[in-house]
Amino acid sequence: MTDRIRRRVVATGHVQGVFFRQTCRRLARETGVAGWIRNREDGAVEAVFEGDPESVERMVRWAETGPRGARVERLDVHEELPEGLDIFDVTR
């Protein structure tokens with residue numbers, strides 16, 4: 001089994017209402033990354049990416065700009081210990 005890593009990201013800016021969550025879910029599933037994504041009450045989008053290092057880092061790089069229509073002003077990235085997640089989902 002390959003090494004797994006986990007990153008929690010919080011994107012701020014114009015990130016809600018631009019298909020950020022749906023696009024992220026599609027890309028995560030295409031790359032085999034597990035985790036979740038949600039809109040926060042403060043207007044940010046928060047996500048957890050877990051999987052092989054290359055795929056997780058690809059998702060983090062994507063989150064720096066998000067989908068077309070988004071304007072990410074800041075992306076905070078935090079390392080966390082993997083929890084063994086096996087799916088990627090959109091939560092509330």
Problem - CD1 on Ile37 to CD on Glu46, rounded to 0.5 Å - result: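 Glu46 CD to Ile37 CD1: 9.5 Å, rounded to 0.5 Å.
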Problem - Inter-residue atom distance Thr12.OG1 - Asp76.CG, 0.5 Å rounding - result: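 Nearest 0.5 Å value for the OG1-CG distance: 6.5 Å.
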Can you name the closest pair of heavy atoms from [X] and [Y] and give their distance?
X	Y	answer
Gly51	Val56	N-CG2, 3.3 Å
Ala63	Val9	CB-CG2, 4.4 Å
Phe20	Ala11	CZ-CB, 4.2 Å
Arg25	Asp89	NH1-OD1, 4.3 Å
Val33	Phe88	O-CB, 3.5 Å
Arg6	Leu85	NH1-CD1, 3.5 Å

Problem - Glu79 atom CD: more than 12 heavy-atom contacts under 6.0 Å - result: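 12 or below, so no.
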Practice task
Answer yes or no: does atom CZ of Arg58 have more than 12 heavy-atom neighbours from other residues, nucleotides or ligands under 6.0 Å?
Solution key: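 It does not: Arg58 CZ has 12 such atoms or fewer within range.
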Problem - Short N-O contact, Arg7 and Glu50, less than 4.0 angstrom - result: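 Result for this pair is no, no salt bridge flagged.
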Exercise for the section: Using a strict cut-off of less than 4.0 Å between a Lys/Arg side-chain nitrogen and an Asp/Glu carboxylate oxygen, indicate whether Arg26 and Glu30 qualify as a salt bridge. Expected result: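 Counted as a salt bridge, because a side-chain N and a carboxylate O are separated by less than 4.0 Å.
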Heavy-atom distance under 4.5 Å between the side chains of [X] and [Y], does that happen here?
X	Y	answer
Ile87	Arg29	no
Gln16	Val45	yes
Val72	Glu64	no
Arg38	Trp36	yes

Handout entry: Intermediate values then yes/no, side-chain contact (heavy atoms from CB on, under 4.5 Å), Leu27 and Met59
Key = CA-CA 8 Å; Leu27 291 172; Met59 293 301 301; 4.0 Å; yes
Handout entry: Sidechain-backbone polar pair: Thr31 side chain, Ala28 backbone, donor-acceptor under 3.5 Å
Key =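 Confirmed, Thr31 side chain pairs with Ala28 backbone.
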Practice task
Could you walk me through whether Arg40 and Val10 pass the side-chain contact (heavy atoms from CB on, under 4.5 Å) test, one step at a time?
Solution key: CA-CA 9 Å; Arg40 293 184 1 172; Val10 178; 3.7 Å; yes
Practice task
Verify side-chain contact (heavy atoms from CB on, under 4.5 Å) between Ile5 and Phe49, making sure each step is shown before the conclusion.
Solution key: CA-CA 8 Å; Ile5 65 171; Phe49 304 128; over 6 Å; no
